[in-house]
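See below for the structure under consideration.
These numbers come from the heavy atoms of this one structure, side chains and all, not from hydrogens, waters or symmetry mates.
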Amino acid sequence: MANCSLACVFLLSVLLLRSKAVSASLPPLIPPPLPIPPLPSAHQLQWQSSEMAFFLHFGTNTFTDSEWGTGHVDPGVFFPASLNTSQWIQVALDTGFSRVILTAKHHDGFCLWPTQYTNYSVAASPWKNGAGDVVAELAVSARAAGVDLGLYLSPWDRHEESYGDTVKYNEFYLAQMTELLTGYGEIKEVWLDGAKGEGEKDMKYFFDSWFGLIRQLQPTATIFSDAGPDSRWIGDEAGAAGSTCWSLFNRSAVTIGGDNDFLYSQHGDPNGSDWVPPQCDVSIRPGWFWHSSQHPKPALTLLDIYYKSVGRNCLFLLNVPPNSSGLISNEDIVVLQEFAKMRHTIFSNNLAKAAVVTANNTRGGDVKSRFSPMNVLKEGIYTYWAPEEGKFDWEIHLDFDRSQVFNVLMVQEPIQMGQRISEFHFDVLSGGQWLTVTNGSTVGYKRLLRFMEVEAQRVRLVIDKSRSDPLLSYLGIYWDPFSAKEGMLNTRISEQNFSGRQVIQMTLQKHSGTLSKSS
């Protein structure tokens with residue numbers, strides 16, 4: 001036994017020495033490049049990776065065919081006889097939305113929870129004999145399904161008597177915010193705006209105090225407003241960001257509810273000192289609350305909004321208002337399901353994964369480097385291609401074994417390292433020369449570009465300008481049959497009819513546009 005123990009110790013020692021010798025013979029790892037500030041926080045990264053969220057406008061307006069309630073509607077009108085928040089959550093999950101935001105209080109001041117600070121709430125309604133709590137039911141449903149919950153508490157309150165008295169109303173507002181942030185578990189987003197009708201009482205909101213309270217009570221919550229601090233409004237309610245869209249921003253340049261520069265909110269600021277990614281909000285129906293006379297947008301319209309929101313470095317906040325029964329309407333569900341199927345059809349097959357991927361230079365100078373160009377085929381932002389420092393020509397090449405047909409490009413940056421790219425273009429090889437099929441400016445978390453149908457065997461992504469050495473975490477090439485079918489992208493450009501840039505331009509002038517324009 002003793003001899004065996006000694007032999008085992010000896011063998012382990014030999015193996016340990018060999019492993020140390022092997023480790024000593026390996027070259028040291030090349031460290032990652034330096035991040036370029038400003039940088040996102042952990043909860044901002046989690047927020048943007050969700051990509052899409054439901055906005056749930058629900059309240060007395062649902063029962064009065066209104067958008068902006070007066071604040072004087074009898075709370076007795078609120079009676080959602082079939083309310084089922086689990087149905088709301090299931091619809092969201094089934095159609096690709098992992099976050100929901102509820103209007104806990106809209107401008108009319110009616111509260112969807114039994115607040116202790118006003119009688120104008122569900123406690124004064126006949127629903128569940130005044131014992132109901134929509135916020136509580138939604139919180140339970142969301143938690144059970146693993147869906148993030150956010151809340152909107154309108155600053156403007158047309159019912160509350162203290163509104164107009166700066167100190168008293170701010171005390172009232174903070175008290176209600178405290179109820180919401182301490183009574184319903186984890187809240188992942190607090191949504192604020194500066195909406196207020198003309199001729200209403202003057203009111204100064206103590207936003208800094210509000211933000212401080214939110215940070216104390218829900219430190220992982222993303223705070224949204226015109227000026228952040230964590231995410232910003234894109235500046236319209238059409239769901240479309242600017243074709244150039246930076247998460248970099250100067251919060252001091254924008255006032256919540258103020259007369260702000262629309263283009264600044266749309267595009268962000270390449271020299272901004274704050275990280276404030278944008279959010280695009282739009283309703284599936286013409287109004288924000290449910291109206292029996294209104295109908296949802298078609299799925300193809302939602303797909304177009306997806307390209308112009310998520311595909312332009314934004315979170316897509318889609319309002320899906322529950323009806324007066326307390327359910328998401330079937331016709332809305334049908335459209336959402338069709339929208340989900342479209343996205344799956346397009347993005348479930350990345351053609352680039354069949355290609356051999358190379359770069360004209362790589363950090364570490366080895367294809368086996370941890371920064372290999374092959375990383376761009378791995379989903380997620382934590383693996384990426386990085387070029388050699390000091391190089392100013394940055395290209396990723398994809399070679400297929402046969403020609404591919406495609407009309408969509410996806411590019412992603414590892415935004416935890418900062419947003420960098422400010423100009424790029426995408427080429428196909430034909431007749432020995434590279435021809436540009438689309439180009440863009442910013443990338444950020446995700447950039448999607450649609451272009452006329454292309455058939456090619458060799459392609460390349462060229463980064464023309466960047467704040468620092470560019471980093472790429474994902475590259476996707478896809479076929480979108482829906483946009484093509486509708487005539488949005490209805491011309492095929494193949495290697496056979498590529499004979500030079502001039503021919504491409506002539507071909508596309510017949511179809512309103514140039515091939516190098518992004519959608």
Side-chain angles (χ1 to χ4, degrees), residues 35-51 53 55 99 101-104 148-156 170 173-174 176-178 180-182 186-196 203-236 241-242 245-281 309 313-317 415-419 442 444-445:
I36 304 299
L39 302 174
S41 66
H43 65 269
Q44 285 176 314
L45 286 170
Q46 192 270 341
W47 174 86
Q48 188 144 29
S49 67
S50 63
E51 294 197 356
F55 214 168
R99 177 175 294 233
I101 300 172
L102 174 68
T103 55
D148 291 340
L149 175 63
L151 296 173
Y152 169 66
L153 183 66
S154 172
W156 180 28
N170 276 276
Y173 188 90
L174 286 169
Q176 288 201 320
M177 181 69 78
T178 300
L180 290 172
L181 300 187
T182 58
E186 187 175 25
I187 303 301
K188 297 298 287 186
E189 184 163 353
V190 177
W191 212 91
L192 304 171
D193 63 13
K196 189 173 72 171
M203 186 70 230
K204 181 179 180 181
Y205 304 131
F206 294 164
F207 283 114
D208 287 341
S209 295
W210 298 3
F211 297 160
L213 180 73
I214 296 166
R215 289 281 189 251
Q216 288 175 9
L217 301 179
Q218 295 284 347
T220 63
T222 297
I223 304 173
F224 166 91
S225 79
D226 296 355
D230 298 320
S231 68
R232 75 178 192 264
W233 189 40
I234 204 64
D236 64 32
C245 192
W246 292 96
S247 291
L248 282 64
F249 199 68
N250 279 322
R251 292 185 56 214
S252 60
V254 176
T255 302
I256 302 173
D259 185 17
N260 297 310
D261 182 348
F262 167 78
L263 291 178
Y264 189 75
S265 296
Q266 276 267 311
H267 298 295
D269 187 342
N271 300 309
S273 58
D274 304 307
W275 184 275
V276 190
Q279 186 174 114
C280 294
D281 61 328
S309 56
N313 189 40
C314 292
L315 186 138
F316 178 13
L317 179 61
I415 57 173
Q416 74 277 9
M417 304 293 286
Q419 188 175 355
T442 51
Y445 175 74

Worksheet item: Considering only heavy atoms from C-beta outward, does the side chain of Ile214 approach that of Leu181 to under 4.5 Å?
Response: yes
Worksheet entry | Beyond-backbone contact of Asn313 with Thr442, side-chain heavy atoms, under 4.5 angstrom | no
Fill in: side-chain contact (heavy atoms from CB on, under 4.5 Å) evaluation trace for Asp226 with Thr255
CA-CA 7 Å; Asp226 296 355; Thr255 302; over 6 Å; no
Worksheet item: Heavy-atom distance under 4.5 Å between the side chains of Ser247 and Pro278, does that happen here?
Response: yes
Worksheet item: Are any of the side-chain heavy atoms of Trp246 and Asp269 separated by less than 4.5 Å?
Response: no
Worksheet item: So which heavy atom on Cys245 is nearest to which on Ala241, and how close?
Response: SG-CB, 4.1 Å
Worksheet item: Do Pro277 and Tyr445 touch side chain to side chain, with heavy atoms closer than 4.5 Å?
Response: no
Worksheet item: Can you tell me how far OG1 of Thr220 sits from NE2 of His43, rounded to the nearest 0.5 angstrom?
Response: 8.0 Å
Practice prompt. Drop me the distance from Gln218's CD to Thr182's OG1, to the nearest 0.5 angstrom.
Written response: 8.5 Å
Fill in: side-chain contact (heavy atoms from CB on, under 4.5 Å) assessment of Leu45 paired with Ile415
CA-CA 8 Å; Leu45 286 170; Ile415 57 173; 3.7 Å; yes
Worksheet entry | Residues which pass side-chain contact (heavy atoms from CB on, under 4.5 Å) with Pro229, listed by chain and number, not counting sequence neighbours | Phe211, Arg215, Ile223, Arg251
Response to the item:
Note: Tyr173 and Ser154 closest approach over all heavy atoms is CE1-O, 3.5 Å
Worksheet entry | Heavy-atom pair of closest approach, residues Trp275 and Leu39 | CB-O, 3.6 Å
Discussion item. Evaluate Phe249 against Arg232 for side-chain contact (heavy atoms from CB on, under 4.5 Å), listing each step before the verdict.
Written reply: CA-CA 9 Å; Phe249 199 68; Arg232 75 178 192 264; 3.4 Å; yes
Discussion item. To the nearest 0.5 Å, what is the distance between CG on Leu151 and CD on Gln176?
Written reply: 12.0 Å
Worksheet item: At what distance, to the nearest 0.5 angstrom, does CD of Gln44 lie from CD of Gln416?
Response: 13.0 Å
Worksheet item: Which heavy atom of Thr103 sits nearest a heavy atom of Phe55, and at what distance?
Response: CG2-CE2, 4.2 Å
Practice prompt. Please check if any side-chain donor atom of Asp193 sits under 3.5 Å from a side-chain acceptor atom of Trp156, or the reverse.
Written response: no
Worksheet item: Is Pro38 close to Val276 at the side-chain level, that is, under 4.5 Å between some pair of heavy atoms?
Response: no
Discussion item. In the structure I gave you, are the side-chain heavy atoms of Ile234 and Cys314 within less than 4.5 Å of one another anywhere?
Written reply: yes
Practice prompt. Please report the shortest heavy-atom distance between Val190 and Ala221, naming the atom on each side.
Written response: CG2-CB, 4.5 Å
Worksheet item: Which distance, rounded to the nearest 0.5 Å, do you find between the CG of Asp208 and the CG of Leu213?
Response: 12.5 Å
Fill in: Asp236 side, atom CG; Asp281 side, atom CG - distance, nearest 0.5 Å
7.5 Å
Practice prompt. State, yes or no, whether a side-chain contact exists between Leu317 and Phe224 at a heavy-atom distance under 4.5 Å.
Written response: no
Fill in: side chain to side chain donor-acceptor pair (under 3.5 Å) partners of Arg99, counting only residues at least two apart
Gln46, Asp148, Glu189
Item to complete: In sequence, state the C-alpha distance, the side-chain angles, and the governing distance for Phe207 and Ser225, and then conclude on side-chain contact (heavy atoms from CB on, under 4.5 Å).
Response: CA-CA 10 Å; Phe207 283 114; Ser225 79; 5.8 Å; no
Response to the item:
When every non-hydrogen atom of Ser209 is compared with those of Leu174, the smallest separation belongs to O-CD2, 4.1 Å
Worksheet item: Hey, what's the ring geometry for Tyr152 with Trp191, parallel, tilted or perpendicular (30° and 60° as the breaks)?
Response: perpendicular
Item to complete: Without swapping roles, check the side chain of Asn250 against the backbone of Gly272 for a donor-acceptor pair under 3.5 Å.
Response: no
